[in-house]
Asks: 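Questions regarding the structure given below will be posed in turn.
Letters go in sequence order (proteins before strands), and every chain restarts at 1.
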Protein chains: 2
Amino acid sequence: MLRRKPAEDRKTEIVEALLDLADRIGPDRLTTNDIAREVGVTQAAIFRHFPTKAELWAEAGEVIAGRLTEAWQQALASERTPKGRLRALVAAQLKQIETTPALPTILHSRELNVENANLRDRFRGLLTVFQRLLAENLEGMVVDGSMTRHVQPEDAAVLLTSLVQGIAIRWSLGSRGFALQAEGRRLLDVQLEILACGE
Amino acid sequence: MLRRKPAEDRKTEIVEALLDLADRIGPDRLTTNDIAREVGVTQAAIFRHFPTKAELWAEAGEVIAGRLTEAWQQALASERTPKGRLRALVAAQLKQIETTPALPTILHSRELNVENANLRDRFRGLLTVFQRLLAENLEGMVVDGSMTRHVQPEDAAVLLTSLVQGIAIRWSLGSRGFALQAEGRRLLDVQLEILACGE
DNA sequence: ATCATATGTTAGTGTGCACTCACTTACAAG
DNA sequence: CTTGTAAGTGAGTGCACACTAACATATGAT
């Protein structure tokens, strides 16, 4: 028998394995056996730490929610201008996706959303918060003149979240053939440029 | 025993049921039993028409590819100006998504993409074609002055495909709480407006 | 009206799944 | 060094899955 670890460490390992495998084989194809093999324990051991697979997903959801929220807070605190905060928010989101590539798949997966209503609501709430943070800073940009008055901040926020999602999907399906963060920031600046013009 | 139908009709029914269920319960959760119940035959009957489940998905992929290609051709033929064609392309895409809501889920699902390599390549090719059609017409818009020279047509094409994807996802996860086509066209016009300015 | 056959059914098969239970042993506190 | 407990195992359970084989009959061509 191999090394035994305290429950908290093992739980973390299991959640990390889940996030990794969700990216490689898909959130729904993922079995407890896959996770166990990845962690290096038997399949039964998974259930020593999580009563059901659904509970395991719930825990993973909490981890994701925590990471995103913290990343957003740091982004907001790191810059003083609305435009700076906006760019920091998008950059933070791209960085989160790059370190946890399963994120878009999990957030938007109809699979998970169908059977785990709590998780779905949690994620939907998260995305709403992100959208609202973007819109608030876009309003600030209208005030300080770095964005046109001819576009509603809410509409611009939709354009920006779509941009992040679209790039993430293209990156994910295209076997990560380009640098996500660099490409994302470049296109964000293109979008911000045309949002600024005419004022 | 109920009505017997010619194989071709039944195959069509089965594919339609698959597309419908892919939307309701997810492309990967979908079982042959679900399909059979929806169609109104026994599960074994499915395999009378398709040798394997993978072949059934392949057929569904062909159907989707055909519909999209035809919709794009009609859109291109229906308008004379680059801007008109561009708007028709996006409108056609939104309409296809509205009539087959499983489309985004299927096109971007990592689930399917993992185990059916042919299908993945087929879909990736489709999306590339769409992107190229957009880029071509954006180039035309640069020439006729309806789009700024400061943005590369390829970049603008990425912004537009992201827009369609982003709205489709929001529509899909948000329980279809708004009119997809209307909202999509509205945001497209917002984006085209700011893409035009400064020239 | 007859009949070949294509479309269907019933009743399976083997496989992999989430999850359980009886049992073991590594580990740390006294 | 002893010992209680938490972390792990091995061997299962029942269930749902994709898929099959043997048999039945509705249907269309003659």
Side-chain angles (χ1 to χ4, degrees), chain A residues 1-19 21-22 24-61 106 109-112 114-119, chain B residues 1-19 21-22 24-61 106 109-112 114-119:
Chain A
M1 189 185 301
L2 283 181
R3 181 91 214 283
R4 260 181 213 183
K5 298 192 181 178
E8 204 149 331
D9 295 9
R10 200 56 105 183
K11 283 178 95 161
T12 306
E13 276 188 24
I14 291 170
V15 169
E16 287 310 312
L18 175 120
L19 292 176
L21 289 167
R24 279 155 47 197
I25 64 183
D28 198 64
R29 308 198 83 74
L30 189 60
T31 70
T32 52
N33 224 326
D34 295 327
I35 300 171
R37 201 179 312 118
E38 181 86 359
V39 171
V41 294
T42 59
Q43 186 238 18
I46 303 296
F47 292 93
R48 182 69 59 188
H49 299 284
F50 297 95
T52 64
K53 201 188 178 190
E55 291 271 352
L56 169 52
W57 270 110
E59 174 69 17
I106 293 176
S109 150
R110 192 148 257 282
E111 314 292 333
L112 275 183
V114 165
E115 70 167 24
N116 199 329
N118 288 345
L119 208 56
Chain B
M1 188 184 298
L2 282 181
R3 181 88 214 284
R4 260 180 214 185
K5 299 192 181 177
E8 204 148 332
D9 295 9
R10 199 58 102 185
K11 285 178 93 161
T12 306
E13 276 188 24
I14 291 170
V15 169
E16 287 309 312
L18 175 118
L19 292 176
L21 289 166
R24 279 155 48 198
I25 63 181
D28 199 64
R29 307 197 82 74
L30 190 60
T31 71
T32 52
N33 224 326
D34 295 327
I35 300 172
R37 200 179 313 119
E38 182 86 356
V39 171
V41 293
T42 60
Q43 186 239 17
I46 303 295
F47 292 92
R48 184 67 63 186
H49 298 283
F50 297 95
T52 64
K53 202 188 179 189
E55 291 271 351
L56 170 52
W57 270 111
E59 174 68 17
I106 292 175
S109 150
R110 191 149 257 281
E111 313 292 335
L112 275 182
V114 165
E115 70 168 25
N116 199 329
N118 288 345
L119 209 56

Asks: Please figure out whether A:Phe47 or B:Val41 has its closest DNA chain C nucleotide nearer the 5' end.
Replies: B:Val41
Asks: Can you list the steps and then say if A:Lys11 with A:Glu8 is a salt bridge (Lys or Arg N to Asp or Glu O under 4.0 Å)?
Replies: CA-CA 5 Å; A:Lys11 283 178 95 161; A:Glu8 204 149 331; over 6 Å; no
Asks: Give the rounded distance in Å between these two atoms: CZ of A:Arg4 and P of C:dT24.
Replies: 13 Å
Asks: Quickly work out the B:Arg3 CZ to C:dA6 P distance and round it to whole Å.
Replies: 17 Å
Asks: Would you indicate which nucleotide in C:dA26, D:dA18, D:dT9 comes nearest to any side-chain atom of A:Ala45?
Replies: D:dT9
Asks: Regarding C:dT7, can its base be found pairing with the side chain of B:Arg10 as donor and acceptor, where the two atoms are less than 3.5 Å apart?
Replies: no
Asks: Side chains of B:Thr12 and B:Asp9: donor-acceptor distance under 3.5 Å anywhere?
Replies: no
Asks: If you take all heavy atoms of A:Trp57 and A:Ala22, which pair is closest and at what distance?
Replies: CH2-CB, 4.2 Å
Asks: If you find the nucleotide of DNA chain C closest to B:Lys5 and the one closest to B:Gln43, which residue's nucleotide is nearer the 5' end?
Replies: B:Lys5
Asks: Send over the distance from A:Ile14 CD1 to C:dC19 P, rounded to a whole Å.
Replies: 14 Å
Asks: How close or far is atom P of C:dA18 from atom CD1 of A:Ile46, stated in whole angstroms?
Replies: 10 Å
Asks: What is the distance from CG of B:Asp28 to P of C:dC17, rounded to the nearest Å?
Replies: 12 Å
Asks: Could you check how far CD of B:Glu13 sits from P of C:dT7, rounded to whole Å?
Replies: 13 Å
Asks: Among C:dT7, D:dC19, C:dT10, find the nucleotide with the atom closest to the side chain of B:Thr42.
Replies: C:dT10
Asks: Measuring from the side chain of A:Arg48 (C-beta onward, heavy atoms only), which nucleotide among C:dA22, C:dA18, D:dA18 has the closest atom?
Replies: C:dA22
Asks: Counting heavy atoms from C-beta on, name the nucleotide in D:dT27, C:dT25, C:dA11 closest to the side chain of B:Ala44.
Replies: C:dA11
Asks: If you compare all heavy atoms of A:Ala17 against all heavy atoms of A:Val39, which two are closest, and at what distance to 0.1 Å?
Replies: CB-CG2, 3.8 Å
Asks: Could you point out which residue of B:Arg4, B:Arg48, B:His49 forms a side chain to side chain contact (heavy atoms under 4.5 Å, CB included) with B:Arg10?
Replies: B:His49
Asks: Side chain of A:Lys53 only, heavy atoms from C-beta on: which candidate in D:dA26, D:dA6, C:dC19 is closest?
Replies: C:dC19
Asks: In whole angstrom, give the distance that lies between atom NZ of B:Lys11 and atom P of C:dG8.
Replies: 12 Å
Asks: Can you measure A:Ile35 atom CD1 to C:dA18 atom P for me and round it to whole angstrom units?
Replies: 8 Å
Asks: Examine C:dA6: is either OP1 or OP2 under 4.0 Å from a nitrogen or oxygen in the side chain of B:His49? Give yes or no.
Replies: no
